[in-house]
Q: 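Input: one structure, supplied below.
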Amino acid sequence: MTKTAEPKKQPKIVVSGVQPSGRSHIGNYAGSYRNWLKLQDDPAYRCFFFIADYHSITEDYNPAAKRQQVFDLAADLLALGLDPEKCTLFVQSDVPEHTELGWIFNTVTPVSFLERMTQFKDKSGRQQENINMGLFDYPVLMSADILIYKGGFVPVGRDQTQHVELTRDIAHFFNNKFGNVFPEAKPLYTETPKLRSLTNPLKKMSKSLGDRSLIALTDEPDVIYDKIKSAVTESTGILSLSEEELEHKMTLHAEAHEDDPALRGVAGVWNLLTLLRTFGSAEEADRILAAQPIKYAELKRLVATRIAEHFADFRERRKKLVTKPKKVWEILEAGAKEARSVAKKTMTEVRERIGIR
Ligand code: TRP
């Protein structure tokens, strides 16, 4: 019997990471986790997803809490449905090749490229007492995270665009100097809804604005209801601005409008409608929009119900999972082993090219 070798289609390599730094919320879910779940199910892609603990220590943090944060994030991702049979899930620091390649990339990265990273500027403004070298070098480690697997596709939010561009620059610099090793990494954006803070809807939902501003994935229905109930809205029931008009005002004059209570109220209502569209349905949201004045108490009840329903299975699965912490750590260890076998191959190639051994 002759075997005709099927021309095997190379899967596209997807790499993405998320920092462990507090409870995951529905903004994280809508912005990235949801895309990861889709990508792992697409046979065209081979996915590496990791918990970026080395990145997370560039900001002020409590060492005693870090391991728990890593565990919690892993439990979130697994309970949401990331499946170790379909993707490689691991902890960054379990694969030391990331930092090893990061060091080599440091030697081909111009300092001036890092000086213009907007995230570095933002973060060093926020933590002036702790502008450490790791914060500055963060994007180089991120490039290594991606290229150690020869990743071509990077599902990230738009805030990471500059970092993925740098990854391409670093690959070019390396390839020009040492020969063609690394591919061109491209960001993989998917349209994601912008979820706003419940307490200040002119800002993005984020853990930095406090627990009442967000819905955590593990929030129980009564907590969800309570938070949504006190979410900022306005008093007329009529939307005086379209969502585009609101966006327009905020992009043009964010500072001037930051404390404008009327605008805040309108943004809060649009946020409730976005939540309904995301976790309920577009029809439901359209129906409410068509029947102004909107009764906010009713809308809020509906939004809270839909969010609670959407994560009901997740909450059950997560509760079960955390009773078996050993199983979670084993999954991460097996993932690291898988990732390392790929990472080591890249490092062998890299070391040879750069003349180290
Ligand atoms: N910087 C990313 C963020 O904060 C996290 C991250 C670290 C990452 N390494 C990565 C994302 C590699 C994609 C690929 O969102």
Side-chain angles (χ1 to χ4, degrees), residues 12-22 24-25 27-36 39-40 45-61 66 69-70 73-74 76-77 82 87-102 105 109 114 117-124 126-127 134-171 182-190 192 194-195 204-208 335-336 339 342-343 346:
K12 300 171 175 172
I13 309 286
V14 168
V15 182
S16 195
V18 56
Q19 296 192 50
S21 42
S24 302
H25 56 76
N28 304 129
Y29 170 79
S32 60
Y33 306 165
R34 198 167 57 160
N35 297 333
W36 292 11
L39 288 164
Q40 73 165 356
Y45 295 112
R46 160 97 168 89
C47 299
F48 294 88
F49 297 129
F50 65 93
I51 296 174
D53 55 348
Y54 273 155
H55 278 109
S56 75
I57 62 173
T58 61
E59 292 179 53
D60 295 326
Y61 77 103
K66 190 49 75 185
Q69 289 176 340
V70 170
L73 181 51
D76 288 343
L77 294 172
L82 272 196
C87 69
T88 305
L89 177 68
F90 62 99
V91 180
Q92 183 186 34
S93 63
D94 282 343
V95 185
E97 287 76 11
H98 287 228
T99 44
E100 190 181 358
L101 184 60
F105 282 172
T109 308
L114 294 180
M117 292 290 134
T118 55
Q119 195 170 78
F120 171 69
K121 289 188 225 169
D122 288 349
K123 284 187 181 172
S124 43
R126 264 188 274 138
Q127 55 183 68
L135 197 64
F136 188 64
D137 207 30
Y138 180 116
V140 176
L141 179 58
M142 179 162 162
S143 302
D145 293 336
I146 296 165
L147 294 175
I148 192 86
Y149 305 108
K150 305 199 175 178
F153 300 87
V154 191
V156 280
R158 306 229 171 230
D159 62 323
Q160 297 294 315
T161 302
Q162 218 185 6
H163 293 160
V164 181
E165 277 166 11
L166 181 79
T167 304
R168 278 202 298 278
D169 290 334
I170 290 181
F182 296 112
E184 269 205 356
K186 293 191 190 69
L188 212 55
Y189 304 123
T190 16
T192 52
K194 177 179 174 182
L195 301 191
K204 202 171 106 171
M205 184 179 287
S206 126
K207 67 171 191 312
S208 62
V342 179
T346 306

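Not measured: the values here are computed from a predicted model. Start at 1 with the first residue, then count along the sequence. Remember, it's 1-based here, ligands and their atoms both numbered in the order they're listed.
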Q: For the backbone of Ile148 and the side chain of Thr346, can you confirm whether one donor and one acceptor N or O come within less than 3.5 Å of each other?
A: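 Pair found, side chain donor or acceptor close to backbone of Ile148.
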Q: Hey, what's the ring geometry for His163 with Tyr138, parallel, tilted or perpendicular (30° and 60° as the breaks)?
A: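 If you compare the ring of His163 with that of Tyr138, the planes turn out tilted.
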Q: When you check ligand 1 against the protein, what N or O pairs turn up below 3.5 Å? List the atom names and distances, or just say none.
A:
{"unit_1": "ligand 1", "atom_1": "1 (N)", "unit_2": "Tyr138", "atom_2": "OH", "d": "2.7"}
{"unit_1": "ligand 1", "atom_1": "1 (N)", "unit_2": "Gln160", "atom_2": "OE1", "d": "3.1"}
{"unit_1": "ligand 1", "atom_1": "4 (O)", "unit_2": "Tyr138", "atom_2": "OH", "d": "3.2"}
{"unit_1": "ligand 1", "atom_1": "9 (N)", "unit_2": "Asp145", "atom_2": "OD2", "d": "2.7"}

Q: Under 6.0 Å between ring centres: does that hold for Tyr149 and His98?
A: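 Yes - the distance between ring centres of Tyr149 and His98 falls below the 6.0 Å cut-off.
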Q: Would you tell me whether Glu59 and Ser21 have side-chain atoms, one donor and one acceptor, within less than 3.5 Å of each other?
A: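 No.
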Q: Is Lys186 reaching over with its side chain to a backbone N or O of Arg168, donor-acceptor style, under 3.5 angstrom?
A: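 Side chain of Lys186 to backbone of Arg168, a donor-acceptor pair under 3.5 Å: no, none is there.
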Q: Any chance the side chains of Ser56 and Tyr61 put a donor and an acceptor closer than 3.5 Å?
A: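 There is no such pair between these side chains.
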